[in-house]
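To start, the structure itself, in structure tokens.
Only a predicted model underlies this, so the values are computations on that prediction, with no experimental measurement involved. Chain letters run A, B, ... following the sequence lines, proteins first and then strands; every chain starts at 1.
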Amino acid sequence: MNTIPSRYNPKDTEDKWYALWQGRGLFRACPDKSKKPFSIVIPPPNVTGILHMGHALNNAIQDILIRYHRMKGHESLWMPGTDHAGIATQNVVEKAMAKEGLRRNDLGREKFIERVWQWKEQYGSAIIKQLKKLGASCDWQRVRFTMDAEYSKAVVEVFVRLFEKGLIYQGSYIINWCPRCQTALSDEEAPHHELQGNLYYLKYPYKSDPSKFVVVATTRPETMLGDTAVAVNPKDKRYKKAIGETLVLPLVNREIPIIADEMIDMKFGTGAVKVTPAHDPNDYLMGKKHRLEFVNVMSPNGKMNEQAGDYNGMDRFEARQVILEDLKEQGLLEKTEPHPLSAGHCYRCHTIIEPYLSKQWFVKMKPLAKPAIEAVKKGKIKFYPKRWTKVYLGWMENIQDWCISRQIWWGHRIPVYYCRKCLDSGNSQISNAKSQINSKLQNTKQAQGVIVSRAKPDKCPKCGSADIYQDEDVLDTWFSSWLWPFATFYWPPEAQSPELRARTEADLKYFYPTSTLVTAPEIIFFWVARMIMAGLEFMQEVPFKDVYIHGTVRDVEGKKMSKSLGNIIDPLEIIDEYGADALRFSLISITSQGQDVYLSKERFEQGRNFANKIWNASRLILMNLDPGQARADLCVFFKKEPLGVVNRWILSRFYSTLKEVQRGFSEYRFNEAANLLYSFFWHEFCDWYLEVIKADIRNTHNQVVMYKVLEKFLRALHPFMPFITEEIWHLLPGATDSIMCQSWPHIQEQVIDKKLEKEAESLFSVVTQIRNLRAQIGIALDKKVVVSVYPHTASKKKLVEEYASLVVNMAKLEALHSLSRNKRPARAISSVAEDVDIYLHSEGIVDADQEKEKLTLKIQELHKLKQAKEARLKNHDFMERAPAGVVEKEKAGLDELSGTLTRLEKMSKELT
RNA sequence: GGGCAUUUAGCUCAGUUGGUUAGAGCGCUACACUCACAUUGUAGAGGCCAGAGGUUCAAGUCCUCUAAUGCCCACCA
């Protein structure tokens, strides 16, 4: 077996095994009534995406869960796929086209979409290849895309159903408008960020006396062109007389009234507010309430429009400056104060959002939210960590209607059709802003000429005209991804071809609801909450039972990793340098439940080193393994053979560890599970077990135990480090099949023996103490020394004598004597282990003072502890109120401490 | 303005229902490469658990307040 290299090289193994797994269909999952299902749907990455550390963490966790449950005997499905990511993808393709000097309008809608599809075919699978590098065991035959024809049927179905239920409506409101992407956005897509802006105080002259003014404060002076009133609080004494007066809007010369509204905060600014109903959500409400005029002064591209008079064509921020200058010139800019404000930003291009009046489609959310709130409150869905429940509920309980129409081309076209004839003849076509606002939204449903349909109608059902055209807008990307947990299973079955339906309907029944959703906190509102609503609305069942929210991956300074900051650690680079196993293990071992991860490249050394350690321990075992001996049945063997303390110890430790690992899994404490396996293997199996048995490695007991522990350990570790465990699995004698097909080791309770564990560890501590003594006087390891011990109990004496050779080997001794009299030998340095006094015979001169000082320090330290324990045991309240077990423990601790102290004191006294 | 999280060794972090002398990885110090592994081994140093109160027989852990940092939410013109 010396053909095994001494360093593990992931490059030799990872791609090889992945190809084999996939080739053999080991990731496939099919309904199997004899098994319990376990299913996860992947949070579909954007087709534009490339794998970053966040994905690596997210998918490593999912793969660990899937592999674990697969080995636990569940029919485990990991559903993969990608998201068409409307705005993001359109932006990317437009950017690529810009290099050729092309704009989307040059191509036209159809050609442009064709081009996006081409782009998707060419680059869209990049992230899937990268997931495979990571080891992701998705059922790739099922890979879905939110724009797939079958998936689109679900989107249309849902739109139509919600519309028919009256939960979708069209209307004109102030929405978040991105002037760069030129589309509406939902509130979630326009996160607020702090900006350092100014508060400008503008003077609006009275019509009756232009030398007098009302001063208003604003952060967006360019919107003043659209002002149609000034509002004050009716309780505000300063303006009591002014209410009802008329002002002349500067630069525009529009006459605007001073109105009274309770909404106005008297303490802010001057207490007088300019009202721009077409450009601010609050002003919009006031506009409606006071029947003001809605003047839209901006074009969709963020430039001022013809309503802006002289400022027509200027960019909104340019106009701001020019308007301020003009006002200043006229003496109408009273002052400018720095003022921090927060403004919405486009989550795709980070452009500052313009609150903008426009006609959009909305989903009424309150009725959908109600059951979704219930489901979580009743515990049908559980969040891990728990605190996200509150975040979820908080949002759900204050949910706003969802703007779902987008003015882009890449996406699901809204299934609404218009009959030109009906629209022309009727008055349902909404032409000006004012009537838009007043039009009752529910009317959309009955509106003449508006047809909502699963397929494009040939002719108008009302008038029979064939002059029908579809709504230009597409749906929000999230309007398709919220269906992911069931639409990926070809929901609705009735809408699919009979053949497809026959093939897939059982899958939906078997795998839905899914088991666990693994995701990041950023998309709780975007996605998680909406999936819960969709699942309950369309499947009458929650989409998943557990939601595990992991942390955000950050750099060492706590900054989010982003391309623009240049602080990215590329997972593929790490895989290339350290291996996918190392990447996975390192990430998991530092990710405690839901905490953010601060990452530097060096962290991955831990995983790499661990892989190498496993590799070399396996190498030792394989080089010394007699396959004939080793493969005995452990259970039978264990019962029959007197295995000895060390073998029994490692078996007990293994199963103790396994038990805790399993608990880690069930509580979503992956770091704990990973670290338990790590420290068991390294610090118990390698540092002690293998070192101890090395001397007698051909012994049958040792053969069986080392082989079994290795073999079972590999299976337990496989979910975390799939590649190296598979590689070594195949080096084991008689290994058939893939490790993926093995079961996760069953916990053998009868092997766990805590008392025995303690006994063995007390033996090891004798070794440690001797090593310690050697180090104290600097005796090199190759120099053999003689040690005498005096065990204070008969059982310890028996143990030490029986395992004398273990101590001799591990502490590199010439000889170990067991003293028959409790008397300090001459010329020795001393130490104590549990119930054992230890004397290392020194050939040189023992510095008695130094030795005495060392012992004295130790005595003082233990004395303090002893006092603390005595005090506790003397405490009446403690004795009365502490549980018996704790008191017992304290007593035992005190006894031991007293014993040790007496022994140390004797040692010290005998020193002359 | 509201909420959440974090604060434990030089660094990055574990520490579950309160219960012996608070742990890990990295880094550091000393020693050790013919030995499965120097991506290693052995031994060691290093902690008023952010601060102040409180509850309790017992607090890193529970409660209150304070401070710093980060994140999320909110119609702060």
Notebook entry, point to check: B/C76 and B/G60: how far apart are their P atoms, nearest whole angstrom?
Noted result: 43 Å
Note to self: Run the side-chain contact (heavy atoms from CB on, under 4.5 Å) test against A/Ala229 and tell me which residues pass, sequence neighbours left out.
What the structure shows: A/Pro257, A/Ile259, A/Val275, A/Leu292
Next item on the list: Indicate whether any N or O donor in one side chain lies under 3.5 Å from an N or O acceptor in the other, for A/Glu188 and A/Tyr347.
Entry: no
Note to self: Using the P atom as the point on both nucleotides, what is the distance between B/G10 and B/G47, in whole Å?
What the structure shows: 7 Å
Note to self: Quick check: do A/Tyr204 and A/Leu202 have side-chain heavy atoms less than 4.5 Å from each other?
What the structure shows: yes
Next item on the list: Report which part of the nucleic acid A/Pro883 touches: base, sugar-phosphate, or nothing (heavy-atom distance under 4.0 Å, all strands).
Entry: base
Next item on the list: Can you check each nucleotide of nucleotides 3-11 of chain B against protein heavy atoms at under 4.0 Å and return B for base, S for sugar-phosphate only, - for none, in 5' to 3' order?
Entry: SSSS-----
Notebook entry, point to check: Atom CZ of A/Phe878 and atom C1' of B/A59: how far apart are they, to the nearest Å?
Noted result: 14 Å
Check: Side chains of A/Glu834 and A/Ser765: is there a donor and an acceptor less than 3.5 Å apart?
Finding: no
Checklist line | Neighbour count >12 (heavy atoms, 6.0 Å) for atom NZ, A/Lys754 | finding: yes
Notebook entry, point to check: Pairing of RNA chain B as dot-bracket, 5' to 3': ( ) intra-strand, [ ] crossing, | other strand, . unpaired, with Watson-Crick or G-U pairs under 3.5 Å?
Noted result: (((((((..((((.....[...)))).(((((.......))))).....(((((..]....))))))))))))....
Kindly list each side-chain donor-acceptor pair under 3.5 angstrom involving residues 683-690 of chain A, sequence neighbours excluded, with atom names and distances?
residue  : atom : partner  : partner atom : Å
A/His683 : ND1  : A/Asp687 : OD2          : 2.9
A/Glu684 : OE1  : A/Arg653 : NE           : 3.2
A/Glu684 : OE1  : A/Arg653 : NH2          : 3.2
A/Glu684 : OE2  : A/Arg653 : NE           : 2.8
A/Tyr689 : OH   : A/Asn647 : OD1          : 2.5

Throw together a table of side-chain donor-acceptor distances under 3.5 angstrom for residues 860-871 of chain A, partners on residues two or more places apart or in other chains.
none

Checklist line | Any pair counted as salt bridge (charged side-chain N to carboxylate O under 4.0 Å, His left out), so long as it reaches residues 264-278 of chain A, sequence neighbours left out | finding: A/Asp227-A/Lys274
Item checked: Any residue meeting side-chain hydrogen bond (donor to acceptor under 3.5 Å, both in side chains) with A/Gln850, in chain and number order, not counting sequence neighbours -> none
Anything under 3.5 Å between a protein N or O and an N or O of nucleotides 62-64 of chain B, put it in a table, one pair a line.
none

Margin query: Any salt bridge linking A/Glu691 with A/Lys694? Criterion: basic side-chain nitrogen under 4.0 Å from a carboxylate oxygen.
Written below: yes
Check: Taking the P atom of each, how far is B/G27 from B/U42, in whole Å?
Finding: 16 Å
Note to self: Test of understanding: with side-chain hydrogen bond (donor to acceptor under 3.5 Å, both in side chains), list the residues that count as partners of A/Thr13, not counting sequence neighbours.
What the structure shows: A/Tyr8
Notebook entry, point to check: How close or far is atom P of B/G23 from atom CG of A/Leu676, stated in whole angstroms?
Noted result: 16 Å
Between the protein and nucleotides 74-77 of chain B, list every N/O to N/O distance that falls short of 3.5 Å.
residue : atom : partner  : partner atom : Å
B/C75   : O2'  : A/Asn282 : ND2          : 2.4
B/C75   : O2   : A/Asn282 : OD1          : 2.5
B/C75   : O2   : A/Asn282 : ND2          : 3.1
B/C76   : N4   : A/Ser342 : OG           : 3.3
B/A77   : O2'  : A/Ala217 : O            : 2.9
B/A77   : N6   : A/Asp265 : N            : 3.4
B/A77   : N6   : A/Asp265 : O            : 2.6

Next item on the list: State which residues pass side-chain hydrogen bond (donor to acceptor under 3.5 Å, both in side chains) with A/Ser618; sequence neighbours excluded, sorted by chain then number.
Entry: none
Checklist line | Under 4.0 Å protein heavy-atom contact, by nucleotide of nucleotides 30-48 of chain B - B base, S sugar-phosphate only | finding: ------BB-BSSSSS----
Next item on the list: Could you check whether A/Glu522 gets within reach of a base, just the sugar-phosphate, or nothing at all, counting any heavy atom under 4.0 Å?
Entry: nothing
